[in-house]
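Keep in mind that what you see is a predicted model, and the values were worked out from it rather than measured. Per chain, numbering begins at 1; letters A, B, ... match sequence-line order.
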There are 2 protein chains.
Amino acid sequence: MRKPTPTPKPATLHDVARVAGVSLITASRALSNPGVVSEGTIERVRDAVMKTGYTPNLLAGSLKSKRSMTVAGLVPVISVPQFLPTIRALTETLDAQGYQLILGQTGYANSREEKLLSTMISRRPDGVVITGLVGSQTSRDQLKRLGIPVVEMWDLSAHPLDMIVGFSHLKVGSAIGGFFLNKGWRRVGVATGDDHRAMTRREGFCAVIGREVPTAIVPAPSNLEMGRRAMAQLLAQDPKLEAVYCSSDEFALGAIIEAQARGLRVPGDIAICGFGDADFAAHLMPSLTTVQVDGAAIGRRAAQLIIDRCAGRAVKEPIIDVGFRIVERDSTGASAARRK
Amino acid sequence: MRKPTPTPKPATLHDVARVAGVSLITASRALSNPGVVSEGTIERVRDAVMKTGYTPNLLAGSLKSKRSMTVAGLVPVISVPQFLPTIRALTETLDAQGYQLILGQTGYANSREEKLLSTMISRRPDGVVITGLVGSQTSRDQLKRLGIPVVEMWDLSAHPLDMIVGFSHLKVGSAIGGFFLNKGWRRVGVATGDDHRAMTRREGFCAVIGREVPTAIVPAPSNLEMGRRAMAQLLAQDPKLEAVYCSSDEFALGAIIEAQARGLRVPGDIAICGFGDADFAAHLMPSLTTVQVDGAAIGRRAAQLIIDRCAGRAVKEPIIDVGFRIVERDSTGASAARRK
DNA sequence: CTGTTAGCGCATTCAC
DNA sequence: GTGAATGCGCTAACAG
């Protein structure tokens, strides 16, 4: 049985000031702006802080100063490996400037995005970073009204809500399609999550191929197990598929395993391309051809945009394309060695 | 070039009350405690909220009510897959009760833990969830003084700071050691991260084996690449090693790859055991023997403890052992087929 | 360099 | 059911 209602009243700045024998505001300054306070005073205030066990109340400070030193960050799901480097870079870049990232999960459903955004905004962040384009008009209006910097990321648009850091999913799709065509593959398929960005990549892919292709769609986020099922589905549609593009590396790994389990050689009988360049991609057997995106750079740049604008600096380039590149490995390799 | 200083003054509850033609407090109640306000009034207030584009300021509300509806969560590094299920379960369980998880990364360094904790506490969370045991006395004192519920997790202790949810790393180590002994392996090694919990597992392992064993230590968090290097190091110490325990599954995968790259068969020439039961563990070639821990359960239970205590309910069981189990797969399999 | 005054936006406490 | 006053803990603005 543990303490159900502990009530040790925490010290306030008032207590510190009293103990230090200075006024409230001097104590405040000694802690947050030591430059304008004399050495001796700072010393006495620091002592008082120790004695009283004072911990500042940022809720109160933020209320008055109108700067919370927090940035709201929205991601679909935190456990999707794809966004981890971005989240990490965001956290660290912001932290270096004293900002705290407040993470929220929208869960690939726009309804939740709207609600979550409202909750986040209630805590008065100094900036907002959001995965994908802000969909709902309500949310867009709300963000604009707030007048705080907003960065959309992991996508691109000529007319962002405010600022944007990402790359073109349409171009990624076209690039993969072009890559497949170059290899001479015509019987191609797509296994994809159903989120907007992945669907846009599929669109670019089909545009280049020149027609709708066999497609297996799963609810995002896709994973290894779904990859196995999706591959089974695709092979049912066309047993002689030459190549498949999968919307994530985990998904692609599942596809490879399923293909191998059916006695197909990868890439001998069927080639596979993923997306994301996960840690493990280079180390699989066969190593996985995939699309590399610098997620950490997205996070860093997004954080920097927020920081700059919070510091009152005008941002010259509010639309940043970090690009992407296809990393060709064994899972699409050695076309000479392929097929019956 | 974008707006450097936008200043659309956001609506306050005061504005809402004025537009609705009611008093401030009535507007407040209509929004946060509709039960005690008449239907018509609620209607008018809701209308006024729309018209004004009002978003509540939780900073102000929390300052007065002394409940921020936030919970601080500290993890070593967010991008370590091991903790993702825990983080996710925490987020979702708390969210269901209206709480927001504020995540912070301590980075496996206690110095940062202390500083981060102070920052977090400044935002007056209603509870704190922290990975591992709180090390520094300063931090322990600070947390106790605050009088808010604290859950330590991913470890166990007879004397937690407040509450704890986890399992015994010493027992995990012993269990793996016992498992190896049972298989008849005596020339065994350990590849481990240098964090406290991993080192404790190693300790338990050595205790059962009965001596210090060849060990490769890498700075946490361990990853695939380090696994390759660690395995190389271990084989240099003892080329005839029969089995290796690795402190994470990513680490173990690296070890397997390095072994295979050197022409060793796994488990034919050398057996490998990981820790964590990552998604991919079951799908590797060979599938990976590892230790399964229910990370999501840890998150759920921890969140529930916080929620209960915030609701004023006394917690009868402040020490929760979620246990673990060894999942035996091919990487330690078929001892009959082994070795020269 | 230091102090005084005045709120930030809201919820609690008491009245009606 | 509704309202008026009060202050949560701190900092911006202006004095000295």
Side-chain angles (χ1 to χ4, degrees), chain A residues 7 9-45 48-49 52-70 98 119 121-126 145-147 312, chain B residues 7 9-45 48-49 52-70 98 119 121-126 145-146:
Chain A
T7 334
K9 189 139 164 290
T12 75
L13 194 52
H14 187 86
D15 301 323
V16 173
R18 192 170 32 70
V19 171
V22 298
S23 78
L24 188 66
I25 186 65
T26 301
S28 170
R29 283 197 276 248
L31 295 176
S32 53
N33 194 5
V36 304
V37 177
S38 76
E39 279 299 329
T41 308
I42 291 178
E43 199 71 19
R44 296 208 318 278
V45 171
V49 167
T52 54
Y54 170 71
T55 312
N57 184 332
L58 279 180
L59 259 35
S62 303
L63 179 60
K64 181 67 189 172
S65 68
K66 299 192 172 302
R67 296 182 319 120
S68 63
M69 297 305 280
T70 63
T119 310
I121 285 178
S122 295
R123 301 195 195 280
R124 295 296 185 266
D126 294 339
R145 202 164 35 230
L146 267 182
Chain B
T7 335
K9 189 137 164 290
T12 76
L13 194 53
H14 186 86
D15 301 323
V16 174
R18 194 170 30 70
V19 170
V22 298
S23 79
L24 188 68
I25 183 61
T26 302
S28 171
R29 284 198 274 248
L31 296 176
S32 53
N33 194 4
V36 304
V37 178
S38 75
E39 280 297 331
T41 307
I42 292 177
E43 199 71 20
R44 295 207 320 278
V45 171
V49 167
T52 55
Y54 171 71
T55 312
N57 185 333
L58 251 51
L59 257 35
S62 303
L63 178 59
K64 183 67 189 169
S65 68
K66 299 192 173 302
R67 296 183 319 121
S68 62
M69 298 303 282
T70 62
T119 309
I121 286 179
S122 296
R123 300 195 195 282
R124 294 295 185 266
D126 294 338
R145 202 165 34 231
L146 267 181

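Heavy-atom distances under 4.0 Å link DNA chain D to B/Leu63, B/Lys64, B/Lys66 of residues 54-66 of chain B, given in residue order. If you check residues 32-40 of chain A against DNA chain C, the residues with a heavy atom closer than 4.0 Å are A/Val36, A/Val37, A/Ser38, listed by number.
Here the OG1 atom belonging to B/Thr70 is positioned 11.0 Å from the CZ atom belonging to B/Arg124, to the nearest 0.5 angstrom. For the atom pair CZ (A/Arg123) and OG (A/Ser62), the distance works out to 12.0 Å, reported to the nearest 0.5 Å. Note: A/Arg145 CZ to B/Thr52 OG1 = 8.0 Å, rounded to the nearest 0.5 Å. The OG atom of A/Ser68 sits 11.0 Å away from the CG atom of A/Leu63 when rounded to the nearest 0.5 Å.
Separating the CG atom of B/Leu24 from the C1' atom of C/dC10 is a distance of 7 Å, rounded to the nearest angstrom. Computed from coordinates, the B/Asp15 CG to C/dC8 C1' distance equals 14 Å when rounded to whole Å.
Summary of the strand contacts: A/Arg29 and A/Ala11 both lie near DNA chain D, and taking for each the nucleotide with the nearest heavy atom, the more 5' one is attributed to A/Ala11.
Each end of the helix from C/dC1-D/dG16 to C/dC16-D/dG1 gets its own rotation axis from five pairs of C1' atoms, and the angle between them is 30° to the nearest 10 degrees.
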Let me have the donor-acceptor pairs involving side chains of residues 17-26 of chain B, under 3.5 Å, with sequence neighbours excluded, atom names and distances please.
| from | atom 1 | to | atom 2 | distance (Å) |
| --- | --- | --- | --- | --- |
| B/Arg18 | NH2 | B/Asp15 | OD1 | 3.1 |
| B/Ser23 | OG | B/Thr26 | N | 3.4 |
| B/Ser23 | OG | B/Thr26 | OG1 | 3.1 |

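Under the rule for a side-chain hydrogen bond (donor to acceptor under 3.5 Å, both in side chains), the partners of A/Ser38 that lie at least two apart in sequence or sit in another chain are A/Thr41.
A sub-4.0 Å separation between OP1 or OP2 of C/dA11 and a side-chain N or O of B/Ser28 is present.
Nearest heavy-atom pair across A/Asp126 and A/Arg67 is OD1-CA, 3.6 Å. Considering all non-hydrogen atoms of both residues, A/Val16 and A/Ala27 come closest at CG1-CB, 4.5 Å.
Note on B/Leu13: only backbone sugar-phosphate atoms sit closer than 4.0 angstrom, heavy atoms only; bases stay farther off.
Where DNA chain D meets chain B (any atom under 4.0 Å from a heavy atom), the bounding nucleotides read 5' to 3' are D/dG1 to D/dG9.
By the 4.5 Å heavy-atom criterion applied to side chains, A/Leu13 and A/Ser28 are counted as neighbours.
Side-chain atoms of B/Ser122 do not come within 3.5 Å of backbone N or O of A/Leu58 as any donor-acceptor pair.
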Worksheet item: So A/Thr12 and A/Asn57, side-chain contact (heavy atoms from CB on, under 4.5 Å) or not? Walk me through it.
Response: CA-CA 8 Å; A/Thr12 75; A/Asn57 184 332; over 6 Å; no
